[in-house]
Amino acid sequence: MLLNSAPLNTVPINATPGQGVEPTPVVAVPAFHWSLRLIVGDEDWTARLVGRPEVDREEGAAGVCSFELCLPPGPVYPLDWKGRPVTLDYLTTLNGEAKESRLFTGRIVDPTWDKTYRSLSCTCTDQLQQRVEALEISEIDALAGGYWSADVFEPVDGRSRWDYAQERMSSRTASLDCDAYGALRVSSWFSKPVADFIFGPGSTVYDSLQVELSDLSEQTNTVEITADYRFSRLRQLNQGYGWAHPGTGGSGGEQGFCTWRLDNTELPDVPMIQAAVSGSGQVQVAGAYYTLPPSGVYCDPPVIWKNDYTELLLGASFVGARRWVQSVTEKYRLTVVADASVAAVGAVVARQSSSVSIENPRSDTWESDSNYSGGDSGHEDLRDEPRRQAILRTLLNQALAQIVGAHRGTLVSWDVPTSWVLGLDLVHTVELGDFDAGAHGKITRLQHRLDLAAGSALTSITVAIMRGGGNASDPLIPPPFTVEPPPPPPEGPGIGGSLGTQLGGRGAVYDPDRDGFSGNYTNHSGVPGDFPRRFQITADEIPAETRDESIPEVAAAYRVAIPNDRLELQ
């Protein structure tokens with residue numbers, strides 16, 4: 001991402017890019033003396049060094065060094081050379097001033113013995129992969145940075161630490177490698193606005209310029225991301241019910257009891273209410289009851305009332321609840337695009353996909369848990385927001401790195417005497433103004449070719465030219481997750497609510513499907529009551545949209561601006 005047309009994390013905060021940085025001009029010195037210093041283990045083997053030592057260091061790869069030693073007569077043990085530490089230094093004298101520069105630090109990995117010439121050829125590496133493999137996870141995190149998710153890759157335990165580091169680096173516009181002293185480091189892909197070294201006219205080897213243009217088919221400028229995020233939604237629906245005996249005349253308390261007593265009937269009781277709630281597939285979470293009074297003297301004129309069972313009801317208000325688990329799959333459709341590149345060359349599309357399923361033990365016990373205390377109508381999403389953030393940020397930053405990396409495929413290389421570029425490294429930005437060519441970019445490869453017999457010491461410099469364009473970049477912030485609004489609070493009926501009453505014994509016809517109370521008059525009109533004494537309720541049907549899997553889609557697009565490094569050819 002760019003900030004004011006400069007890559008993030010490449011300049012100090014509150015500083016102008018390039019401010020206070022003075023580029024070093026490469027000065028052509030026609031004559032100079034050079035030599036090497038080779039230390040193997042604790043011994044100086046420079047005097048035995050022959051042939052053409054070479055050092056090859058490339059962005060994001062292990063540095064390689066090769067050299068040949070002419071050994072004196074006597075027994076040789078090639079295997080004893082394997083694993084020995086090696087340092088190779090370049091020493092030179094320019095204009096009477098002695099200078100030196102480290103070219104390589106590593107170990108011998110492949111010694112080869114030639115009996116005819118009594119020469120030991122050694123191939124060495126800086127052991128980038130092995131050194132990263134030896135790090136702890138926390139050390140890799142601190143070194144590589146970036147983003148990582150076990151839902152995009154695989155869990156870390158038991159896997160290669162090098163692979164883990166590469167996975168983290170895949171979300172960065174940077175490379176992990178070693179410097180000439182063997183220190184692990186991460187360097188940005190973006191060139192600096194002000195070059196570290198400037199190659200003016202006459203500062204390069206004649207006719208050594210090579211330009212390798214990028215392949216359009218590999219210039220990815222659009223990455224489409226598909227990510228499925230699955231989780232469980234715990235739902236609860238509370239339904240209120242109310243019933244009042246019509247014989248109370250709509251009154252409560254003693255007055256309602258006295259009215260009912262004048263023409264009394266069978267009544268339901270509290271256990272019947274509880275059984276009706278359970279029979280409807282619900283769990284009772286609340287209840288208020290209008291019960292017959294206990295034994296005593298009531299009404300006007302006063303009457304003696306005998307009642308040893310105080311759970312018979314003249315009215316009730318209660319709430320039944322149901323729970324279920326709904327599966328939710330959010331489908332993220334994210335696009336990261338370099339608009340200017342698409343406008344220039346058309347869309348070159350790559351795709352990434354991943355998925356995560358959040359497991360939570362509460363989803364297994366939600367429906368069977370009889371403890372509904374404190375539960376209201378509504379839902380609870382069993383999310384894991386850190387995991388969602390990790391998977392989406394990893395995918396978005398991988399897409400950014402893929403697009404930026406695809407726009408630095410043009411390579412410009414040239415040769416220069418090694419003595420002129422002491423201290424040049426892969427982290428540097430260089431500017432070329434020679435061969436009737438102009439270029440500005442970051443070094444991606446350095447090759448030192450040192451011919452001891454011919455006295456030739458040349459360094460090949462390869463620069464990656466980044467080009468894409470655009471003026472706007474969007475922060476790679478994952479879109480918010482979907483939110484279902486809470487349902488309105490239930491309007492539970494109070495006592496005297498919607499449930500009806502059927503009383504037999506006076507000619508009424510019984511309806512077995514009618515919810516509410518069914519019983520009989522105590523004093524029937526010549527026809528004994530045959531209505532069953534029961535209390536029943538029916539739970540409302542759960543809406544399909546709250547029970548079937550929910551699959552909301554979340555779409556977002558992110559713009560990427562890519563700097564344009566200079567490349568001019570005559």
Side-chain angles (χ1 to χ4, degrees), residues 26-41 43-59 61-71 81 84-95 97-114 117-128 177-182 197 199 203-210 413-426 428 430 443-463:
V26 177
V27 179
V29 179
F32 54 87
H33 175 269
W34 68 273
S35 63
L36 297 175
R37 181 171 59 233
L38 175 67
I39 306 297
V40 181
E43 298 183 58
D44 188 335
W45 286 85
T46 306
R48 292 291 175 177
L49 195 58
V50 296
R52 299 180 179 85
E54 291 189 2
V55 177
D56 189 351
R57 296 173 51 232
E58 188 172 2
E59 195 178 63
V64 178
C65 173
S66 62
F67 60 84
E68 184 179 354
L69 298 176
C70 183
L71 299 184
W81 288 77
R84 288 187 182 182
V86 171
T87 61
L88 182 65
D89 295 306
Y90 183 87
L91 295 76
T92 189
T93 301
L94 292 171
N95 297 325
E97 183 181 359
K99 298 181 180 181
E100 66 178 71
S101 177
R102 175 63 54 86
L103 298 184
F104 179 81
T105 302
R107 289 182 181 272
I108 297 174
V109 295
D110 187 16
T112 303
W113 172 244
D114 187 326
Y117 296 99
R118 293 198 59 80
S119 65
L120 184 72
S121 299
C122 297
T123 300
C124 315
T125 77
D126 57 18
Q127 294 189 300
L128 171 65
D177 47 51
C178 295
D179 65 14
Y181 288 87
F197 291 84
F199 293 83
S203 62
T204 59
V205 174
Y206 176 74
D207 203 25
S208 64
L209 177 68
Q210 294 184 3
S413 62
W414 63 91
D415 293 344
V416 62
T418 304
S419 294
W420 297 358
V421 288
L422 297 185
L424 194 66
D425 199 0
L426 295 174
H428 290 139
V430 297
I443 298 175
T444 187
R445 188 176 184 182
L446 286 174
Q447 298 168 277
H448 304 291
R449 302 188 305 277
L450 313 165
D451 192 329
L452 295 170
S456 170
L458 295 177
T459 295
S460 293
I461 302 169
T462 302
V463 172

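What you see is a predicted model; the values in this text were computed from it and never measured.
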Mind checking the [atom1]-[atom2] spacing from [X] to [Y]? Nearest 0.5 Å is all I need.
{"X": "Arg445", "Y": "Ile443", "atom1": "CZ", "atom2": "CD1", "value": "13.5 Å"}
{"X": "Phe104", "Y": "Asp89", "atom1": "CZ", "atom2": "CG", "value": "12.0 Å"}
{"X": "Ser119", "Y": "Leu71", "atom1": "OG", "atom2": "CG", "value": "8.0 Å"}
{"X": "Trp113", "Y": "Cys122", "atom1": "CH2", "atom2": "SG", "value": "10.5 Å"}
{"X": "Trp81", "Y": "Cys124", "atom1": "CH2", "atom2": "SG", "value": "10.0 Å"}

Report yes if the side chains of [X] and [Y] come closer than 4.5 Å at any heavy-atom pair, otherwise no.
{"X": "Tyr181", "Y": "Thr87", "answer": "no"}
{"X": "Thr418", "Y": "Tyr90", "answer": "yes"}
{"X": "Arg37", "Y": "Glu100", "answer": "yes"}
{"X": "Leu424", "Y": "Val26", "answer": "no"}
{"X": "Leu209", "Y": "Thr204", "answer": "no"}
{"X": "Leu88", "Y": "Val55", "answer": "yes"}
{"X": "Phe199", "Y": "Val416", "answer": "yes"}
{"X": "Leu452", "Y": "Pro53", "answer": "yes"}

Problem - Distance-only side-chain donor-acceptor flag, Ser66 / Glu54, under 3.5 Å - result: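 Glu54 and Ser66 do not have a side-chain donor-acceptor pair below 3.5 Å.
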Exercise for the section: Return yes if a side-chain donor-acceptor contact under 3.5 Å exists between Gln447 and Ser460, otherwise no. Expected result: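 Gln447 vs Ser460: no donor-acceptor pair found between side chains.
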Considering all heavy atoms, the nearest [X]-[Y] contact:
{"X": "Ser101", "Y": "Gly423", "value": "OG-N, 3.5 Å"}
{"X": "Asp114", "Y": "Tyr117", "value": "OD1-N, 3.3 Å"}
{"X": "Thr462", "Y": "Ser413", "value": "OG1-CB, 3.5 Å"}
{"X": "Leu422", "Y": "Lys99", "value": "CD1-CB, 3.5 Å"}
{"X": "Arg57", "Y": "Cys178", "value": "NH2-O, 3.3 Å"}
{"X": "Ala61", "Y": "Asp177", "value": "O-CB, 3.9 Å"}

Between the side chain of [X] and the main-chain N/O of [Y], is any donor-acceptor distance below 3.5 Å?
{"X": "Thr46", "Y": "Leu38", "answer": "yes"}
{"X": "Ser419", "Y": "Thr92", "answer": "no"}
{"X": "Asp425", "Y": "His428", "answer": "no"}
{"X": "Thr459", "Y": "His448", "answer": "no"}

Is [X] salt-bridged to [Y], going by a charged N under 4.0 Å from an acidic O?
{"X": "Asp126", "Y": "Arg107", "result": "no"}
{"X": "Asp415", "Y": "Arg449", "result": "yes"}
{"X": "Asp179", "Y": "Arg102", "result": "no"}

Exercise for the section: Tell me, with the steps shown, if Ile461 and Leu446 meet side chain to side chain contact (heavy atoms under 4.5 Å, CB included). Expected result: CA-CA 5 Å; Ile461 302 169; Leu446 286 174; 3.9 Å; yes
Practice task
Verify side chain to side chain contact (heavy atoms under 4.5 Å, CB included) between Val50 and Phe67, making sure each step is shown before the conclusion.
Solution key: CA-CA 8 Å; Val50 296; Phe67 60 84; over 6 Å; no
Practice task
Please report the C-alpha distance between Asp207 and Trp414 in whole Å, then the side-chain angles of each, then the deciding distance to 0.1 Å, and finally whether the side chain to side chain contact (heavy atoms under 4.5 Å, CB included) criterion is met.
Solution key: CA-CA 8 Å; Asp207 203 25; Trp414 63 91; over 6 Å; no
Practice task
Report, as yes or no, whether the 6.0 Å neighbourhood of atom CZ on Arg52 holds more than 12 heavy atoms from other residues, nucleotides or ligands.
Solution key: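 Result for CZ/Arg52: open.
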Handout entry: Ring geometry between Trp420 and Phe32 (parallel below 30°, tilted from 30 to 60°, perpendicular above 60°)
Key =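 The rings of Phe32 and Trp420 stand perpendicular, inter-plane angle above 60°.
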Exercise for the section: With side chain to side chain contact (heavy atoms under 4.5 Å, CB included) as the test, would you mind laying out the steps for Leu103 and Leu450 before giving the verdict? Expected result: CA-CA 11 Å; Leu103 298 184; Leu450 313 165; 3.9 Å; yes
Problem - Within 45° cone and under 6.0 Å: Arg48 NZ/CZ vs Trp45 ring - result: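 No cation-pi geometry.
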